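Naming convention: chains lettered A, B, ... in sequence-line order (proteins, then strands); numbering from 1 in each chain. The shown structure was predicted, so the numbers you read here are calculated from the model rather than taken from an experiment.
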Amino acid sequence: MRFARRSTGWKSLRRKSAASTRIRVENFGAVPFMSQEAQIKAPVITIDHAAEHAGQVATIRGWLYNLRESGKLLFPIFRDGTGVMQGVVSVREQPQAFEALKGLTQESSVIVTGKIQAEPRAPGGYEIQIHAAEVVQKVPESSPYPIQLKEHGVDFLLDQRHLWIRTPRQAAILRIRAEAIRAARNYMDSQGYTLTDAPIFTPAACEGTTTLFEVNYIDEQKAYLTQSGQLYVEATAAALGKVYTFGPTFRAEKSKTRRHLTEFWMLEPEAAFAHLADMMDLGEGLVSAMVQSVVKNRARELGAVGRDLSKLEEIAPPFPRITYDDAVKVLQKAGNPTKWGDDFGGDEETLLSKEFDKPVIIHRYPAAMKAFYMATDMERPDLSLSFDMIAPEGFGEIIGGGERQSDYDTLVRRIRESKLPEEAFQWYLDLRRYGSVPHAGFGLGLERTVAWICGTEHIREVIPFPRMLHRVYP
RNA sequence: UCCCCGGUAGCUCAAUGGUAGAGCGUUCGGCUGUUAACCGAAAUGUUGCAGGUUCGAGUCCUGCCCGGGGAGCCA
């Protein structure tokens, strides 16, 4: 129903757009365009570099973000993906440009040329005094741009995600995500880790079997979308030493919360001969590098999303580390009913994270609550050599990992206890047959990390096209 | 799977069981420094769907559909 209704509307929109394009062509003679001379003279600039061109004539190519009209003065506001800039044009001085822009609809694509001037009354401090304006495509009045400069509901915005990403806040978030990814990869590479990508199609589960996406593979075979690259990165760690994988992972969890996506990106390092403490060090170094790189290179975007930089500037190693045992005591002291052996839910994570200004590492969880591949603590066999990193301010778990079970017999027993299909894990057991070594790693959830860095309410905003329970459109 | 909240104009939301409304957007008009501009006017509705109660249902009842938040599980 919903999809049928949406696609009908979309088709009619396409038809109208096509018609308006024809009208635009017919109007070419009447609509004033800048001269060839002006086009050649004015350099094309992006709005983020406008300040460097103050006092000069320049061309901006973008979209009409908003238009304020005041009689014979127009204040069009343009966006070009790098920022937003106000223009000004008067009918007396530039009648042709005025006519081209007057009444122009939101998100019409435009090319404008004019003098860049410092202007305290303009948002951003600079404005363009327009000499010439070319409308590339006018959004038809009959089907105006659906996203207004007003509040909208979540459902509506997610249906319009392909357009929602045009708003300055969303564009800033996507730039921060890109910077976080670059910083993460740079850091891993600088630590001697080699990127070895894991497959997306897998023959079996590596987390719980209930959250698997099953797909039809070739010739009646079944395959599953990966829940984690971890098992594969263990294999490449035995081949190359220090490795990581970074890519999308898929979990068919029936959970709709602000912290969940069915498709999310994970960075998973794995190192041979590494132990729990090594991975805690690596994790805090990685997270710190991501945060500091965003603070340094995307301060403007952090400002656009309203993030308080002072909290992020403090993020540097060492992070507080407490054992699960101590975490339970902290919770109980705070009046939380958690008992030893319970896993921590969202409330508990939030409570613990509020005790610290930095991400907090909780290590050595009870073995019973961790995955089959997790190593046990020799000194306390009831504990696993595992750790989680909880982001501050209630943004939840951003890292989970630890030392792996390297003993063949123990691993086989754990696979059977977990009721996993043993035959699908033969290749994985080979890693314990041929030169098994202690090794450790973790998975960092990109979207949760970026959501924390941006301070967004929901992780759906930090991925271009979120996939969630009940939502695979657009 | 369970619990809570919601579905009214393109959007955000009002509307004691008694004529379905406002703001924004759109259209028309006005305004030479606007700041989600402002002022005046106009058009815009299968109140999610199907039943039921009632003289009368957007409102109450039942079922279903869709969405949001959370639990469980996880990054």
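A:Gly153 comes within 4.0 angstrom of the backbone, heavy atoms only, and of no base. Residue-level contact check: A:Glu447 touches neither bases nor backbone, having no heavy atom under 4.0 Å from any strand. When heavy atoms are screened at a 4.0 angstrom cut-off, A:Ile399 is found touching the sugar-phosphate backbone but no base atom. Nucleic acid contact class of A:Glu397 (heavy atoms, under 4.0 Å, all strands): sugar-phosphate only. Among the protein residues, A:Gln106 comes within range of no part of the nucleic acid, since none of its heavy atoms lies under 4.0 Å from any strand. Looking at heavy-atom distances under 4.0 Å, A:Phe156 makes contact with sugar-phosphate atoms alone, never a base. Using a 4.0 Å heavy-atom distance criterion, A:Asp343 is classed as a sugar-phosphate-only contact.
The NZ atom of A:Lys102 sits 14 Å away from the C1' atom of B:rU34 (whole-angstrom rounding). Between A:Leu73 atom CG and B:rU32 atom P there is a gap of 8 Å when expressed in whole angstrom units. Between the P atom of B:rC73 and the CG atom of A:Asp347 lies a distance of 13 Å, rounded to the nearest Å. Between A:Leu67 atom CG and B:rC24 atom P the separation is 16 Å, expressed in whole Å. To the nearest angstrom, P of B:rU27 lies 11 Å from CG of A:Leu104. Between A:Arg448 atom CZ and B:rC73 atom P there is a gap of 13 Å when expressed in whole angstrom units. Following rounding to the nearest Å, A:Ile147 (CD1) and B:rG10 (P) show an atom-to-atom distance of 17 Å. Look at NZ on A:Lys72: it is 9 Å from C1' on B:rG30, rounded to the nearest Å.
Atom name C1', nucleotides B:rG67 and B:rC49: the rounded distance is 15 Å, in whole Å. Taking the C1' atoms as reference points, B:rC24 lies 12 Å from B:rA9, given to the whole Å. B:rG48 sits 35 Å from B:rC28 when the C1' atoms are compared, rounded to a whole Å. Across the P atoms, B:rG52 and B:rC74 are found 48 Å apart, a figure rounded to whole Å. Annotation: B:rC38 and B:rU16 have their C1' atoms spaced 36 Å apart (nearest Å). Comparing B:rG25 with B:rC2, their C1' atoms sit 41 Å apart, to the nearest whole Å. Separation of the P atoms belonging to B:rC65 and B:rA75 is 32 Å when rounded to the nearest angstrom. Here the separation of B:rU62 from B:rA22, taken at their P atoms, is 33 Å to the nearest Å.
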Can you list the steps and then say if A:Lys72 with A:Glu93 is a salt bridge (charged side-chain N to carboxylate O under 4.0 Å, His left out)? CA-CA 10 Å; A:Lys72 297 181 173 53; A:Glu93 291 169 28; over 6 Å; no
Take A:Glu393 and A:Lys354 through the salt bridge (charged side-chain N to carboxylate O under 4.0 Å, His left out) test and state the conclusion after the steps. CA-CA 6 Å; A:Glu393 302 164 63; A:Lys354 284 189 173 154; over 6 Å; no
Check step by step if salt bridge (charged side-chain N to carboxylate O under 4.0 Å, His left out) holds for A:Lys358 and A:Glu284. CA-CA 10 Å; A:Lys358 294 181 188 179; A:Glu284 65 184 20; over 6 Å; no
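No hydrogens or angles were tested; on distance alone, nothing pairs the side chain of A:Arg471 with the base of B:rC66 as donor and acceptor under 3.5 Å. A donor and an acceptor atom never sit less than 3.5 Å apart when one is taken from the side chain of A:His152 and the other from the base of B:rC11. At a cut-off of 3.5 angstrom, the base of B:rU32 holds at least one donor-acceptor pair with the side chain of A:Arg92. Side-chain to base pairing of A:Glu127 with B:rG33: one donor and one acceptor N or O lie within less than 3.5 Å of each other.
Pairing of B:rC60, defined by two Watson-Crick or G-U wobble distances under 3.5 Å, is identified with B:rG52. Nucleotide B:rA9 is matched to nothing when pairs are restricted to Watson-Crick or G-U wobble geometry with both distances under 3.5 angstrom. Within the shown strands, B:rG30 is the pairing partner of B:rC38 under the Watson-Crick or G-U definition, both distances less than 3.5 Å. Using N1 to N3 plus N6-O4 or O6-N4 for Watson-Crick, or N1-O2 and O6-N3 for G-U wobble, each under 3.5 Å, B:rA14 pairs with nothing. Under the Watson-Crick or G-U wobble criterion, with both distances below 3.5 Å, B:rU1 is paired with B:rA71.
With B:rU26, B:rA75, B:rC11 as the candidates, the nucleotide lying closest to the side chain of A:Glu141 is B:rU26. Side-chain proximity of A:Pro144 to the nucleotides B:rC74, B:rA71, B:rG25 is greatest for B:rG25. Proximity note for A:Arg259 (side chain, C-beta onward) versus B:rA71, B:rC31, B:rA75: the nearest is B:rA71. Of all nucleotides listed (B:rA75, B:rC24, B:rG70), B:rG70 comes nearest to the side chain of A:Thr257. Minimum atom distance to the side chain of A:Gln86 is reached by B:rG33, of the listed B:rG33, B:rU27, B:rA75.
When all heavy atoms are compared, the tightest approach of A:Tyr193 to A:Val243 is CD2-O, 3.2 Å. The shortest non-hydrogen separation linking A:Gly400 to A:Asp388 is CA-OD1, 3.4 Å.
Ring stacking is absent between A:Phe75 and B:rG33, as the pair misses the limits of under 5.5 Å between centres and under 30 degrees between planes.
The residue among A:Pro123 and A:Met369 whose nearest nucleotide of RNA chain B is located toward the 5' end is A:Pro123. Comparing A:Gly103 and A:Lys370, the nucleotide of RNA chain B nearest to each residue sits closer to the 5' end for A:Gly103.
One distance of note links CD1 of A:Ile361 with OG1 of A:Thr323; it measures 13.0 Å at 0.5 Å rounding. To the nearest 0.5 Å, atom CD of residue A:Gln170 and atom CD of residue A:Glu461 are 4.5 Å apart.
A side-chain donor-acceptor contact under 3.5 Å links A:Arg307 to the backbone of A:Ile453.
For B:rG68, the OP1/OP2 oxygens have no side-chain nitrogen or oxygen of A:His458 closer than 4.0 Å. The shortest distance between the side-chain N/O atoms of A:Arg258 and the OP1/OP2 oxygens of B:rC74 is not below 4.0 Å.
The neighbour count for A:Asp326 CG, taken as heavy atoms of other residues, nucleotides or ligands under 6.0 Å away, is above 12.
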